Peer 1: 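Structure incoming, see below.
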Amino acid sequence: MKLYEREYVRYHIGSPHAPYIILDAPHGVGPSPLPHDERTSELVRAISNVTGCPFIEATKNRSVVDMNRFVDPNSWESICAHVEYRQALKTILSNLGLLNKNGQVKKKILLLAVHGMKNYSLGGKDVDVELGTMGGVLAPSTISKKMKRFFQQHNLTVLDDNNKFPGHPSLSVHIFGGDPALPGYKGFGKNLRIVQMELSNTLRTKHFKKTCSLLTEFINTFSQQSQAKN
């Protein structure tokens, strides 16, 4: 696997026949990720090794700069980090042949942002997975519903509505632009769909291999269906 590394991001552009899914791990790299973010980067890399998916991961702790937040216009590090992330995303989309002459994505592709959450229960059940799309702003509800059904078929408890983590609003700038700190960034259009996926500590640690296998299966299935529709 060839990795490209800059100061704030590290990324893989994907295999020649990569699935139409980009993985993202904004909080999983150290020097010491927070406990509820542990192993997210390991998970993304492991899935990419099997599927060929491109991915982007942060190289700095979120306490230094957080890629899953809006740009802080008063922080040079924040500005540089987000510029690097957006350049990496553009490079990946271009490598996949998905950008038109206006720099917009011309075929549907999913950006799956992989996060970790602390274990918690709701209604007497442990919540395994949360799927956040800002109520359909980041991606059509059909995508989160499809993901939810897939995980439920494997006996996992999944929330895709009334979540603790509904998807951070900063993710919308990758679709629509509108970043006041970097107004030149126009986003990549509505064919870029984004889901913020939160995985419980148990899934990321105790059941790491199972979680990797499940996500690999989902990615392969989803990608085949998406490319057939495109």
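Throughout, numbering of the chain's residues begins at 1 and tracks the sequence. These numbers come from the heavy atoms of this one structure, side chains and all, not from hydrogens, waters or symmetry mates. Bear in mind the structure is a predicted one, so any value in this text is a computation, not a measurement.
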Peer 1: Taking the side chain as everything from C-beta on, heavy atoms only, tell me whether Tyr8 gets closer than 4.5 Å to His82.
Peer 2: no
Peer 1: Strictly distance-based, threshold 3.5 Å: is any side-chain N or O of His154 a donor or acceptor partner for the main-chain N or O of Leu156?
Peer 2: no
Peer 1: Any side-chain heavy-atom pair from Phe70 and Ser78 closer than 4.5 angstrom?
Peer 2: no
Peer 1: Rounded at 0.5 Å granularity, tell me how far CD1 in Ile22 sits from CD1 in Ile56.
Peer 2: 6.5 Å
Peer 1: Cluster question for you: counting only ILVMFWY and a side-chain heavy-atom cut-off of under 4.5 Å, with indirect links fine, are Tyr185 and Leu138 together?
Peer 2: yes
Peer 1: Going by ring pair (Phe, Tyr, Trp, His ring centres under 6.0 Å), Tyr11 matches just one of Tyr4, Tyr85, Phe55. Which one?
Peer 2: Tyr4
Peer 1: Could you check Val71 against Arg86 for side-chain contact (heavy atoms from CB on, under 4.5 Å), going step by step and ending with a plain yes or no?
Peer 2: CA-CA 12 Å; Val71 177; Arg86 295 166 187 187; 3.6 Å; yes
Peer 1: For Glu7, does its backbone N or O pair with a side-chain atom of Thr59 as donor and acceptor, under 3.5 Å?
Peer 2: yes
Peer 1: Any side-chain to backbone donor/acceptor pair from Asp128 onto Val158? Under 3.5 Å, distance only.
Peer 2: no
Peer 1: Nearest 0.5 angstrom please: His12 NE2 to Leu3 CG, how far?
Peer 2: 7.5 Å
Peer 1: To the closest 0.5 Å, what do you measure between NZ (Lys106) and NZ (Lys101)?
Peer 2: 11.5 Å
Peer 1: Val127 vs Met117, test: side-chain contact (heavy atoms from CB on, under 4.5 Å). Steps then yes/no.
Peer 2: CA-CA 10 Å; Val127 177; Met117 63 181 181; 3.8 Å; yes
Peer 1: Before accepting this row, confirm whether a basic side-chain N of the pair Arg45/Glu57 lies closer than 4.0 Å to the acidic partner's carboxylate O.
Peer 2: yes
Peer 1: For residues Ala18 and Gly52, report the shortest heavy-atom separation together with the two atoms involved.
Peer 2: CB-O, 3.3 Å
Peer 1: Using atom types as modelled and distance alone, determine if a side-chain donor or acceptor of Ser94 lies under 3.5 Å from a backbone N or O of Lys90.
Peer 2: no
Peer 1: Main chain of Asp126, side chain of Asn119: is a donor-acceptor contact present, judged purely on distance under 3.5 Å?
Peer 2: no
Peer 1: How would you list, by chain and number, every residue that makes a salt bridge (charged side-chain N to carboxylate O under 4.0 Å, His left out) with Glu130, sequence neighbours excluded?
Peer 2: none
Peer 1: Of the non-hydrogen atoms in Pro183 and Pro180, which two are nearest, and what is the gap between them?
Peer 2: CD-O, 3.6 Å
Peer 1: Quick one: closest heavy-atom pair of Leu23 and Ser48, and the distance?
Peer 2: CD1-N, 4.4 Å
Peer 1: For Arg6 and Gln87, what are the C-alpha separation, side-chain angles and deciding distance, and is it a side-chain contact (heavy atoms from CB on, under 4.5 Å)?
Peer 2: CA-CA 11 Å; Arg6 303 190 67 184; Gln87 289 174 341; 2.3 Å; yes
Peer 1: Looking at Asp66, Thr40, Asn68, which one forms a side-chain hydrogen bond (donor to acceptor under 3.5 Å, both in side chains) with His27?
Peer 2: Asp66
Peer 1: Between Val137 and Leu192, is there a shared hydrophobic cluster once you connect ILVMFWY residues whose side-chain heavy atoms come closer than 4.5 Å?
Peer 2: yes
Peer 1: Quick one: does any side-chain atom of Asn100 pair with a main-chain N or O of Asn102 as donor and acceptor, under 3.5 Å?
Peer 2: yes
Peer 1: Got Val195 and Ile143 here, is their nearest side-chain heavy-atom distance under 4.5 Å?
Peer 2: yes
Peer 1: Once rounded to the nearest 0.5 Å, what's the spacing between atom CG of Leu98 and atom CG of Asn191?
Peer 2: 9.0 Å
Peer 1: Do any N or O atoms from the side chain of Arg204 and from the backbone of His115 form a donor-acceptor pair under 3.5 angstrom?
Peer 2: no
Peer 1: Supply the atom-to-atom distance Met147 CE to Met197 CE, rounded to the nearest 0.5 angstrom.
Peer 2: 5.5 Å
Peer 1: What I'd like to find out is whether the side chain of Phe188 reaches to under 4.5 Å of the side chain of Leu99, using heavy atoms alone.
Peer 2: yes
Peer 1: I'd like a table of donor-acceptor pairs (distance under 3.5 Å, sequence neighbours excluded) in which one partner is a side-chain atom from residues 213-220, with atom names and distances.
Peer 2:
unit_1: Ser213; atom_1: OG; unit_2: Lys209; atom_2: O; d: 3.1
unit_1: Thr216; atom_1: OG1; unit_2: Cys212; atom_2: O; d: 2.8
unit_1: Asn220; atom_1: ND2; unit_2: Thr216; atom_2: O; d: 3.3

Peer 1: With side-chain contact (heavy atoms from CB on, under 4.5 Å) as the criterion, how do Val129 and Leu199 come out once you've worked through the C-alpha distance, each side chain's angles and the decisive distance to 0.1 Å?
Peer 2: CA-CA 5 Å; Val129 182; Leu199 301 172; 4.0 Å; yes
Peer 1: Less than 4.5 Å apart, side chain to side chain, heavy atoms only: is that true for Ile194 and His174?
Peer 2: yes
Peer 1: Please answer: with hydrophobic residues joined when any side-chain heavy atoms are less than 4.5 Å apart, are Leu171 and Leu182 in the same cluster?
Peer 2: no
Peer 1: If you compare all heavy atoms of Val65 against all heavy atoms of Ala81, which two are closest, and at what distance to 0.1 Å?
Peer 2: CG2-CB, 3.6 Å
Peer 1: Please determine whether residues Trp76 and Val9 belong to a single hydrophobic cluster, defined as Ile, Leu, Val, Met, Phe, Trp and Tyr linked transitively by side-chain heavy-atom distances below 4.5 Å.
Peer 2: no
Peer 1: How many angstroms lie between CD in Glu84 and CZ in Arg10, if you round to the nearest 0.5 Å?
Peer 2: 11.5 Å
Peer 1: Let me check something: do Ile47 and Val50 share a hydrophobic cluster, defined by ILVMFWY side-chain heavy atoms less than 4.5 Å apart, either directly or through other members?
Peer 2: no
Peer 1: Side chains of Met134 and Pro169, heavy atoms from C-beta outward: is any pair under 4.5 Å?
Peer 2: yes
Peer 1: Which atoms form the tightest heavy-atom contact between Gly167 and Gln196, and what is the distance?
Peer 2: CA-OE1, 3.5 Å
Peer 1: How close do Ile13 and Asn95 get, heavy atom to heavy atom, and via which atoms?
Peer 2: O-ND2, 3.3 Å
Peer 1: Could you tell me whether Lys164 sits above the aromatic face of Tyr120, with NZ or CZ closer than 6.0 angstrom to the six-membered ring centre and within 45 degrees of the axis?
Peer 2: yes
